[in-house]
Amino acid sequence: MRSLRIAAGVEAVSLMVLLINLFATHIKAIPALVGPLHGVAYLAVITATLLATASSGVRWRAAIPAVGGLLALRRLRDRSHAHE
């Protein structure tokens, strides 16, 4: 779960950096550096979700680009609170 939280955070922050660069600064080095990081974080979210749960509802949420990791975390959190 911790690895999913970290990967989802990196995915969200890297997407924000890419979008800010796209709409504001247009520095060509930023996508070259942050783009691969974002892609790896996206794959890490999917992998961590597959390893953390067998629920298909959480797995398909993780596969949604940009916000999937955050949606999967929310679903996992809601499920864990429901079992308490």
Side-chain angles (χ1 to χ4, degrees):
M1 182 86 150
R2 181 177 181 203
S3 60
L4 178 58
R5 259 190 302 246
I6 293 168
V10 170
E11 181 188 17
V13 169
S14 63
L15 178 65
M16 286 190 325
V17 169
L18 289 169
L19 290 175
I20 289 169
N21 183 61
L22 178 67
F23 293 114
T25 61
H26 303 289
I27 299 170
K28 292 184 185 211
I30 290 178
L33 297 172
V34 180
L37 176 67
H38 177 71
V40 169
Y42 175 62
L43 294 176
V45 164
I46 293 171
T47 303
T49 304
L50 289 173
L51 295 174
T53 182
S55 170
S56 63
V58 175
R59 285 191 304 232
W60 74 260
R61 281 174 175 81
I64 298 171
V67 296
L70 299 175
L71 292 174
L73 278 173
R74 182 175 178 188
R75 178 72 173 187
L76 285 171
R77 187 188 67 225
D78 290 346
R79 285 180 53 209
S80 68
H81 288 307
H83 287 65
E84 292 177 357

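The shown structure was predicted, so the numbers you read here are calculated from the model rather than taken from an experiment. Residue indices begin at 1 and follow the sequence shown. Reckoned from all heavy atoms, side chains included, excluding hydrogens, waters and symmetry mates.
Cluster membership for I30 and L19, using ILVMFWY side-chain heavy atoms within less than 4.5 angstrom, is not shared. Neither L51 nor M1 shares a network with the other; the hydrophobic side chains, linked directly or stepwise wherever heavy atoms of I, L, V, M, F, W or Y lie under 4.5 Å apart, form separate groups for each. Under the 4.5 Å side-chain contact rule for hydrophobic residues, L37 and V45 do not share a cluster.
The structure places OG1 of T47 at 10.5 Å from CG of L4, a figure rounded to the nearest 0.5 Å. Taken to the nearest 0.5 Å, the CE atom of M16 stands 12.0 Å off from the NE2 atom of H38. Taking CG of L33 as the reference point, atom CD1 of I27 lies at 10.5 Å (rounded to 0.5 Å). Atoms CZ and CZ, from R74 and R77 in turn, are 6.5 Å apart once rounded to the nearest 0.5 Å.
The heavy-atom pair separating A12 from L70 by the smallest distance is CB-CD1, 4.2 Å. Between A41 and V10, the closest heavy-atom pair is CB-CG1, 3.7 Å. Between A72 and T49, the closest heavy-atom pair is CB-OG1, 4.2 Å. A pairwise comparison of heavy atoms in A66 and L15 identifies CB-CD2, 3.3 Å as the closest pair. Nearest heavy-atom pair, P31 versus N21, reported as atom, atom and distance to 0.1 Å: CD-ND2, 3.4 Å. Nearest heavy atom pair, residue R61 against residue L71, reads CD-O, 4.0 Å.
In this structure, Y42 contributes its side chain and A8 its backbone to no donor-acceptor pair below 3.5 Å.
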